[in-house]
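Remarks on the structure that follows.
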Amino acid sequence: MAATEKHRVTNPWYIIASVAFCASNRVEEVPRVFQYALKELKAESDNFDDHLLLARKVRDALFKGGMVGGYARTINGLVALNEVMPEELRDTKTMRRTDTPIEQYEKIGEAMFRNIYGETADSVQDLLDTIYPDMGWFSNTIAYGSTYGFTDILSPLETSYTLVAALIASDSPRQIQWHLDGARRRGATFEEVQTVRTMSMEVAALSGIKWRDGVPELKDTITLVEN
């Protein structure tokens, strides 16, 4: 695969835009983003696997973003996307293993949670367990274990970008700060996360989103953790 072709699939702009539009309840823009990205990719690569990966990345980003942006909007976004999806780029089987024991998802979720939250992981988990134990369990096992922990399609860093985009569009400042920090801990530079934040805000603003107390800024420094 040529470097430019790989760049077209891995450059996350279309993931961020799709998720931000969907979480902003402008789901009609999702298929337009996908069609534009696919057209650009086809102009540089006739590799079917590249095209399928692009389609899967958009689908999985919408799915993951729905955990924080709202599943009703995710369903509507996926419906809109499916209406323009070429038949050969649709999936007919689940991407995630449905026979994975729940205990395995708990281990995956705990590892990912600590990777994202770093030195704040225990305090955030305690908060979730305190406000409602079911929330603590669900967040660790289902959200971070089964949903975000599946990285066969979206990379861990693309998953962080997805969460930032969805949270900015849904005006959730506490969680925005968590995941801006998390993206840095997962290897993104200050400039890369700043670009994701700016792009998400621009898409959300175009969609009519207004932030009650603004959008958190990136911290100048962040404590990194060992993987």
Side-chain angles (χ1 to χ4, degrees), residues 11-34 36-37 57-58 60-78 80-81 113 116-121 123-125 127-128 130-132 135 138-139 143-144 147-148 154 156-223:
N11 185 323
W13 75 266
Y14 60 93
I15 294 171
I16 299 162
S18 296
V19 171
F21 274 127
C22 186
S24 299
N25 205 27
R26 290 293 301 274
V27 298
E28 69 276 9
E29 301 298 336
V30 172
R32 295 173 184 169
V33 172
F34 169 72
Y36 183 87
K57 281 180 178 288
V58 176
D60 208 52
L62 294 177
F63 177 63
K64 287 182 173 181
M67 189 67 69
V68 293
Y71 263 15
R73 295 182 180 190
T74 287
I75 291 170
N76 293 337
L78 286 169
L81 178 63
F113 196 87
I116 291 174
Y117 289 93
E119 78 283 0
T120 68
S123 62
V124 174
Q125 185 65 58
L127 171 65
L128 299 175
T130 298
I131 58 176
Y132 189 35
M135 174 62 78
F138 181 89
S139 296
Y144 286 89
T147 307
Y148 308 148
L154 293 178
L157 196 50
E158 287 172 331
T159 297
S160 284
Y161 292 163
T162 292
L163 296 176
V164 169
L167 290 164
I168 285 177
S170 57
D171 192 15
S172 304
R174 183 201 304 267
Q175 289 76 17
I176 292 170
Q177 189 67 72
W178 285 350
H179 288 284
L180 289 174
D181 294 348
R184 296 286 305 285
R185 292 192 184 97
R186 305 190 100 179
T189 66
F190 181 94
E191 292 74 18
E192 287 169 339
V193 182
Q194 186 73 279
T195 299
V196 173
R197 176 183 178 276
T198 299
M199 184 176 181
S200 301
M201 290 179 65
E202 289 176 349
V203 171
L206 285 171
S207 303
I209 300 300
K210 297 183 184 300
W211 297 275
R212 185 172 62 181
D213 299 310
V215 177
E217 299 283 350
L218 271 71
K219 297 176 182 176
D220 290 334
T221 60
I222 191 74
T223 301

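Fair warning: this is a prediction, and the values are worked out from it, not measured in the lab. In this chain, residues are counted from 1 in sequence order.
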Legend entry - Donor-acceptor contact present, side-chain Arg184 to main-chain Lys219, <3.5 Å: yes

Inset, instruction - Tell me, yes or no, whether the heavy-atom count around Tyr36 atom OH, taken from other residues, nucleotides or ligands under 6.0 Å, exceeds 12. - result: no

Legend entry - Contact summary for Thr74 and Gly65, nearest pair of heavy atoms: OG1-C, 4.4 Å

Legend entry - Straight-line distance of Thr198 OG1 to Ile168 CD1, nearest 0.5 Å: 8.5 Å

Inset, instruction - Provide the closest heavy-atom pair for Gly77 versus Val30 in the form atom of the first, atom of the second, distance. - result: O-CG1, 4.2 Å

Inset, instruction - Determine which pairs satisfy salt bridge (Lys or Arg N to Asp or Glu O under 4.0 Å) with at least one residue from residues 16-28, sequence neighbours left out, and list them in order. - result: Arg26-Glu28, Arg26-Glu29

Inset, instruction - Please confirm whether the backbone N or O of Ala23 pairs with a side-chain atom of Arg73, one donor and one acceptor, at under 3.5 Å? - result: yes

Legend entry - Backbone of Pro216 reached by a side-chain donor or acceptor of Arg197 within 3.5 Å: yes

Legend entry - Within residues 163-175 or reaching into it, pairs that qualify as salt bridge (Lys or Arg N to Asp or Glu O under 4.0 Å) - sequence neighbours excluded: none

Legend entry - Of all pairs that satisfy ring pair (Phe, Tyr, Trp, His ring centres under 6.0 Å), the ones with a partner from residues 194-221, not counting sequence neighbours: none

Inset, instruction - For residues Ser24 and Ala204, report the shortest heavy-atom separation together with the two atoms involved. - result: OG-CA, 3.6 Å

Legend entry - Minimum heavy-atom distance Met199-Ala17, with the two atoms named: CE-CB, 3.8 Å

Legend entry - Atom pair OG1/OH of Thr195 and Tyr161 - distance to nearest 0.5 Å: 8.5 Å

Legend entry - Minimum-distance pair of heavy atoms, taken over all atoms of Val68 and Ser170: O-OG, 4.1 Å

Legend entry - Straight-line distance of Leu180 CG to Gln194 CD, nearest 0.5 Å: 8.5 Å

Inset, instruction - Applying salt bridge (charged side-chain N to carboxylate O under 4.0 Å, His left out), run through Lys64 and Glu158 and close with a yes or a no. - result: CA-CA 11 Å; Lys64 287 182 173 181; Glu158 287 172 331; over 6 Å; no

Inset, instruction - Any chance you could measure Leu163, atom CG, to Met67, atom CE, to the nearest 0.5 Å? - result: 9.5 Å

Inset, instruction - Would you give the length of the straight line joining atom CZ of Phe21 to atom OG of Ser200, rounded to the nearest 0.5 angstrom? - result: 11.0 Å

Legend entry - Which residues share a side-chain contact (heavy atoms from CB on, under 4.5 Å) with Ala61, sequence neighbours left out: Ile15, Val19, Leu154, Thr162

Legend entry - Contacts of Tyr71 that satisfy ring-ring contact (aromatic ring centres under 6.0 Å, His included) - sequence neighbours left out: Phe63

Inset, instruction - Check whether any side-chain heavy atom of Leu128 sits under 4.5 Å from a side-chain heavy atom of Phe113, and report yes or no. - result: yes

Legend entry - Closest contact, heavy atoms only, Ala20 versus Ala169: O-CB, 3.6 Å

Inset, instruction - Go through the structure and list residues passing ring-ring contact (aromatic ring centres under 6.0 Å, His included) with Tyr148, not counting sequence neighbours. - result: Tyr144

Legend entry - Test side-chain contact (heavy atoms from CB on, under 4.5 Å) applied to Val33 and Trp13, step by step: CA-CA 10 Å; Val33 172; Trp13 75 266; 3.9 Å; yes

Inset, instruction - Calculate, to the nearest 0.5 Å, the distance between atoms SG and CG belonging to Cys22 and Leu81 respectively. - result: 9.5 Å

